[in-house]
Amino acid sequence: MLYTSTRDKSVKVSSAQAIAQGISKDGGLFVPESIPAIDSSFIDSLVGKSYIERAEKVLSLYLTDYTPEEIRACVSGAYAPGKFSSEKIAPVKTIAAGENILELWRGPTCAFKDMALQLLPYLLTTAAKKTVADKTIVILVATSGDTGKAALEGFKDVPGTKIMVFYPNDGVSPMQKLQMTTQAGENVSVCAIHGNFDDAQNGVKKIFTDRAVAEKLEENGMMFSSANSINWGRLVPQIVYYISAYCDLIEQGIIKNGDEINVVVPTGNFGNILAAYYAKRMGLPVKKLICASNANNVLTDFLKTGVYDRNRKFYTTTSPSMDILISSNLERLLFHLCGENDATIREWMGALSAEGKYEISQSVKEQITALFDAGCCDDARTAETIAETYQKGYLLDTHTAVAVKVYEDYCQNTGDSTQTVIASTANPYKFSAAVLGAVCDGVPEGTDEFSQVELLRSKTGVECPEQLATLKGKQPRFTDCCHKEDMVDMVYRMLGI
Ligand SMILES: *Cc1c(COP(=O)(O)O)cnc(C)c1O
């Protein structure tokens, strides 16, 4: 199977090349030329199997230039016993009739990004051996909080790689910041920027496509790659868990093979929900893909009206990993829905970068209406949902709470009672202040992060994951904060070139 660019269909690369390169030279994203099909017997063959076995089978459909042994080595390393706090890796918990929570935060950094970022370093170093042998791969990351830490943890001390993370100084939770600034490893570096996530992401995208920077790296035996969800190697591992969740629902007697399910995803950069779209396109029986946003509801408006307009107020919310106004992965969806017309994508993305706005065609809009439902939820309703769901016996983080609320609204509006999988994207202790505030009607004044953790633990009896609890008292290693114009210089400094 070959991959092409959403902005230039003459591009044809292998999956290893797509993963090593991260983003196409034309600024487009790599997409598979065709989407592999699965049927009910494929699903049957995965029921009763481990997550590793499921991942092997699904990945081999997309990474056709990796040998079966290579794929096995990659997934066995990524999901090795002890790395995730559940032996199921991504367990499904039913919290009410029809409402099934897919816990994607059992990995080392307590957010769903681990599902892909534990695997990406294996996929990338295997790809590099096939394609660019002797070069040092430089991973640049823009993060709204969770990607940065998960990428640092995945790539720390991986031979042949260096990683640098940029995060918005005032746009991440205290726990997220501490997780990143205390990161261990010889090949890692972390820098705050004055600005929001979109500034960080745009800065990184600019560096990626800057010829002069690429040449300077080349001279030094280095090349860039991306660990953001623009990299195909981030997306493909995420397809696995939707198929795996479907198998688990069969195993738990909640559905029969062939039954439809809905999928609800708290969405920012549109990567996680796009993986669910690929699973549906492959043949997984998914009825509706439900896109949940916080107050930054650019996607809700887009999916309902067909007009993408980022010219709006940016809100800093209690679900910071979704504080995004430019959802990069939407480009991949639009490419698939517009008849794979690269000229159309260039036009729309050109308008987005020039005017911050574009309108899709009627035919694409109709397909989107058939595939997706969308809703949004502000901080107040998020807090209410955390409190209500806690009363029912389950403690949600802020992002997952947005999804739960949007799902409840969806049920009310449609009366649809189809079994539903809600992607749970973070452990509640990553956002202790907001979660504590929700279950206790406010946070006591003058309390710091770790006394809030303790209050939340004593109130709910839910344990704080050890890797978060032990951050208490750790001194930050990385304290730089730069302007977005200075990001290139920071990169050179970190690389010593
Ligand atoms: C990254 C993230 C999201 C958004 O996922 P996308 O793939 O960017 O849409 C949602 N919740 C949490 C906790 C995250 O870390």
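Each ligand, and each atom within it, is numbered from 1 in the order the structure gives.
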Quick check on P266 - does any of its heavy atoms sit under 4.0 Å from an atom of ligand 1? yes
Ligand 1 N/O within reach of N272 N/O, cut-off under 3.5 Å: yes
Which word best sums up how the rings of Y358 and W348 line up, parallel for under 30°, tilted for 30 to 60°, or perpendicular for over 60°? parallel
So which of I273, L330, N272 actually passes side chain to side chain contact (heavy atoms under 4.5 Å, CB included) with T267? I273
For D146, the ligand 1 atoms whose distance to one of its heavy atoms is below 4.0 Å: 12 (C), 13 (C), 14 (C), 15 (O)
Classify the angle between the aromatic ring planes of Y62 and W232 as parallel (below 30°), tilted (30 to 60°) or perpendicular (above 60°). tilted
Quick one: nearest non-hydrogen protein atom to atom 12 (C) of ligand 1, plus distance? T425 OG1, 3.4 Å
Evaluate whether atom CD of E87 has more than 12 neighbouring non-hydrogen atoms of other residues, nucleotides or ligands under 6.0 angstrom away. no
Closest non-hydrogen atoms of E359 and V307, given as atom of the first, atom of the second and distance, are CD-CG2, 3.8 Å
Option whose closest heavy atom lies nearest to atom 6 (P) of ligand 1, chosen from V402, N269, I273: N269
Short N or O distance, F112 and ligand 1, threshold 3.5 Å exclusive: no
Which atoms of ligand 1 are found less than 4.0 Å from any heavy atom of A426? 13 (C)
Does atom NZ of K287 have more than 12 heavy-atom neighbours from other groups under 6.0 Å away? yes
Going by the closest heavy atom to atom 2 (C) of ligand 1, which one wins out of R234, K113, M322? K113
Audit row: K430, D146, side chain to side chain contact (heavy atoms under 4.5 Å, CB included) steps and yes/no: CA-CA 9 Å; K430 283 199 100 163; D146 292 326; 2.7 Å; yes
Which residue and atom name correspond to the protein heavy atom nearest atom 4 (C) of ligand 1, and how close is it? G268 N, 3.5 Å
Looking only at distances, can you tell me whether any N or O atom of G271, backbone or side chain, sits closer than 3.5 Å to an N or O atom of ligand 1? yes
pair Y308-L299: side-chain heavy atoms closer than 4.5 Å: yes
Within ligand 1, which atoms have a heavy atom of T267 less than 4.0 Å away? 9 (O)
